[in-house]
Amino acid sequence: MIYHILVASYTSDITTLSFDPATASLKEISSITVGHHPSWISSHPAHPSLVWTGLEQSDGKILTMRYDENGKGHVVSETSSAGKDPCSLLVLKDEILIANYSSGTIGVLPIRPESSPTPKSIQLSGTGPNKSRQEGPHPHQVIVHEEHQELLVPDLGSDIVGRFKKSEGGSWKLLGHVGIEAGGGPRHVAFYNGDLFTLLELKSKVVRHRFPPLPALPSFVKSVPTMSQPPPTPNDMLAAEISIPPTNATFPTPYLYLSNRNDPSPEGDIISIFSIEKPDSLDLVAEVRSGLNHLRGMVFGGLDDKYLIAGGANGGGVKVFERINNGRSFKVVASLDSVKAPTGFLWL
C-alpha cells in the first residue's frame, strides 16, 4: 500500500509525500503555497479529504483545504483564528478548536467549508517564573479526552493544563486544571489507561498523573527527564512532541514516545521511548538518534501504527521510521532530505 502524507512547515508551503513501504521510497508528489508558516494540519474525523491549517502570524489565519485521492489539494476558504500565531488545531465534528500561542486565546470556529465564519474567542490568563517565555498565557495544544469529554489545553505560559467542558448552551467553560511544576512549560499531552502524560518543554520532563473525570482532581504519580543525560537548565534542548499509539495485535505493549530538540550531537536529536504499562511506571527504555535537527513534529501511521514520520525543522529533512523490537526501538526505512523546515504531519 502506498501512503500519502501531508507535511506542515515553517515555509509557505504544504507538501504531499508518497511513501511506499514495499520499495522503501519517500518522494514529493505535490505542493501548495498557502501563506506564512502553516505549521499544523488536521483533517475532519468523518471527511478526511477536508484539511485545515493555521498560519502562524500576528493576524492568525485558518485555511480550509480539500484534497483528492492523489494527494493534490487546493484552498477552499480562509478566516481568522481569533488570535495570534495559531500553533495547534483540533477538528471535531462541527467545530475547530485553535490554540493561539501569542495572544493566549482559544479560537472556536464553526465548520462551514465553503464559507468564512467568524470564530469565537476564549481568553486565558496566568504567568510563570520564566520571564522570557511565561510573561502571559501561551496555549500550545488543544486535545479532547474522549472518555471524559473534556477539552485539555496545555498552557506553556501559565504552567497548567486547562480542563474545559461544554456547557448546556454549547460553549466551552474552564472548570479545572492540572497543576505543573513552576517553570515547567507544559507543551503537549497524551493519555493511557486513565492517566495523563504531560510533556514539559521548558524543563524537558515528562509527568504522569492519575486523571479521573471532573470534578475529581488529578493526582501526581511521577516526573522524569525526557533523556538519560539532560543538560543543566536553562538550555536549548527543548522537548517537543509526545505520542502514545493505541496498542494492537502487532504492538500489544504500550510505550510513550517523545522528541527532544536542538541536540548538539552530529547524529541529531533523540527520540526517547518510555515504558508505561505498570500503573506507576515511567521508565526510559531506549533513545534513538534521529539524524534530524530540531525534531518538532512526529506522527505514527500505517497499518497498526507501524511507522513514524518525523522531520527536522532546522535540517535533516523528513524520515520514516519503522517500529522494531516490539516497539522498543526504530529503524529508518525511508528519507527525503529536500523537504524544508517540516513541523507537522498528517497521514491521509
Side-chain angles (χ1 to χ4, degrees), residues 39-40 87-90 99 101 128 130 133-134 137-145 150-163 177-211 218 220-231 233-246 254-263 269-276 281-288 290 292 294-300 308 310-313 343-345:
S39 66
W40 190 277
C87 65
S88 174
L89 311 178
L90 178 66
Y101 180 86
N130 187 322
R133 298 291 308 277
Q134 296 183 309
H138 292 307
H140 217 304
Q141 185 189 32
V142 278
I143 184 170
V144 166
H145 189 294
E150 293 182 30
L151 166 64
L152 300 187
V153 181
D155 185 345
L156 184 146
S158 302
D159 287 326
I160 66 169
V161 178
R163 304 177 69 177
H177 70 270
V178 181
I180 300 299
E181 67 174 274
R187 178 183 175 95
H188 287 176
V189 301
F191 315 112
Y192 172 71
N193 198 29
D195 285 1
L196 173 72
F197 297 82
T198 306
L199 190 67
L200 308 187
E201 174 178 329
L202 301 184
K203 290 195 174 180
S204 289
K205 293 182 179 181
V206 59
V207 186
R208 183 171 190 165
H209 285 89
R210 299 281 185 265
F211 192 67
F220 174 83
V221 177
K222 197 172 187 179
S223 174
V224 299
T226 61
M227 61 192 86
S228 61
Q229 297 179 329
T233 57
N235 61 78
D236 293 329
M237 292 173 61
L238 308 175
E241 188 57 279
I242 181 172
S243 182
I244 304 175
Y255 290 102
L256 180 155
Y257 304 85
L258 60 83
S259 69
N260 299 280
R261 292 174 290 174
N262 304 332
D263 196 302
D269 292 333
I270 291 172
I271 300 174
S272 300
I273 305 174
F274 288 81
S275 172
I276 58 171
S281 63
L282 191 52
D283 304 321
L284 181 64
V285 297
E287 293 177 321
V288 179
S290 66
L292 302 169
H294 199 84
L295 203 175
R296 179 183 173 92
M298 61 181 196
V299 179
F300 284 93
L308 176 75
T343 57
F345 303 93

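For the numbers below, each heavy atom of this structure counts, side chains included, while hydrogens, waters and symmetry mates do not.
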Checklist entry - Between G185 and D159, what is the shortest heavy-atom contact and its length? => result N-OD1, 2.9 Å
Item to check | Results of ring-ring contact (aromatic ring centres under 6.0 Å, His included) for H294 - residues two or more places apart only | outcome: none
Checklist entry - Do N260 side-chain atoms and A239 backbone N/O form a donor-acceptor pair below 3.5 Å? => result no
Checklist entry - Any side-chain heavy-atom pair from V224 and V206 closer than 4.5 angstrom? => result yes
Item to check | Distance (rounded to the nearest 0.5 Å) between S39 OG and L89 CG | outcome: 8.0 Å
Checklist entry - What's the verdict on side-chain contact (heavy atoms from CB on, under 4.5 Å) for I270 and V288, showing C-alpha distance, side-chain angles and the deciding distance? => result CA-CA 5 Å; I270 291 172; V288 179; over 6 Å; no
Item to check | Non-hydrogen atoms of V153 and P139 that approach each other most closely | outcome: CG1-CB, 3.6 Å
Item to check | Heavy-atom pair with the smallest gap, counting every atom of P254 and Y192 | outcome: CG-OH, 3.4 Å
Item to check | Donor-acceptor contact below 3.5 Å, side chain E287 vs main chain I273 | outcome: no
Checklist entry - Does Y257 reach the side chain of S272, with side-chain heavy atoms less than 4.5 Å apart? => result no
Item to check | Among D195, V285, I244, side-chain contact (heavy atoms from CB on, under 4.5 Å) partner for I276 | outcome: I244
Item to check | Gap separating the OG1 atom of T198 from the CD atom of E181, nearest 0.5 angstrom | outcome: 11.0 Å
Next on the checklist: Any salt bridge linking E241 with R296? Criterion: basic side-chain nitrogen under 4.0 Å from a carboxylate oxygen.
Outcome noted: no
Checklist outcome for this item: Distance col, row H140:NE2 vs S88:OG, nearest 0.5 angstrom, shows 8.5 Å
Checklist entry - Would D283 and K222 pass as an ion pair if we require N to O under 4.0 Å? => result yes
Checklist entry - Quick one: does I242's side chain get under 4.5 Å of L256's, heavy atoms only? => result yes
Checklist entry - Hey, does the side chain of N262 reach the backbone of D236 with a donor-acceptor pair shorter than 3.5 angstrom? => result yes
Checklist entry - Is the shortest heavy-atom distance from the side chain of Q134 to the side chain of L202 under 4.5 Å? => result yes
Next on the checklist: Quick one, V144 and L152 - any side-chain contact, counting heavy atoms below 4.5 Å?
Outcome noted: no
Item to check | ring-ring contact (aromatic ring centres under 6.0 Å, His included) between F197 and H209, worked out | outcome: CA-CA 7 Å; F197 297 82; H209 285 89; 9.5 Å; no
Checklist entry - Using 30° and 60° as the class limits, which term best fits the ring planes of F191 and F211: parallel, tilted or perpendicular? => result parallel
Checklist entry - What is the distance from atom CG of D155 to atom CZ of R187, rounded to the nearest 0.5 Å? => result 13.5 Å
Checklist entry - Taking side chain as C-beta onward, heavy atoms only, is S204 less than 4.5 Å from P230? => result no
Checklist entry - Nearest 0.5 Å, what's the NZ-CG distance between K203 and N130? => result 9.5 Å
Item to check | Which atom of T226 lies closest to which atom of L258, heavy atoms considered | outcome: CB-CD1, 3.5 Å
Checklist entry - Taking atom CD of Q141 and atom CG of L90, what is their separation to the nearest 0.5 Å? => result 8.5 Å
Item to check | Distance-minimising heavy-atom pair for L292 and G312 | outcome: CD2-N, 3.8 Å
Item to check | Note, L308 side chain near I271 side chain (heavy atom, < 4.5 Å) | outcome: yes
Next on the checklist: Tell me whether H177 contacts the main-chain N or O of I160 through its side chain, where contact means a donor paired with an acceptor under 3.5 Å.
Outcome noted: no
Checklist entry - Taking C-beta and beyond as the side chain, do R133 and H138 meet within less than 4.5 Å on heavy atoms? => result no
Item to check | Under 3.5 Å donor-acceptor, S290 side chain and D269 backbone | outcome: yes
Checklist entry - Given the rule in the side-chain contact (heavy atoms from CB on, under 4.5 Å) test, do S228 and L284 qualify, once you have shown the distances and angles that lead to the verdict? => result CA-CA 8 Å; S228 61; L284 181 64; 3.8 Å; yes
Checklist outcome for this item: Correct closest heavy-atom pair for R163 and P218 would be NH1-CD, 3.6 Å
Item to check | Expected output: side-chain W40 to main-chain C87 donor-acceptor under 3.5 Å | outcome: no
Checklist entry - With a 4.0 Å cut-off, would you call E201 and R261 a salt bridge? => result yes
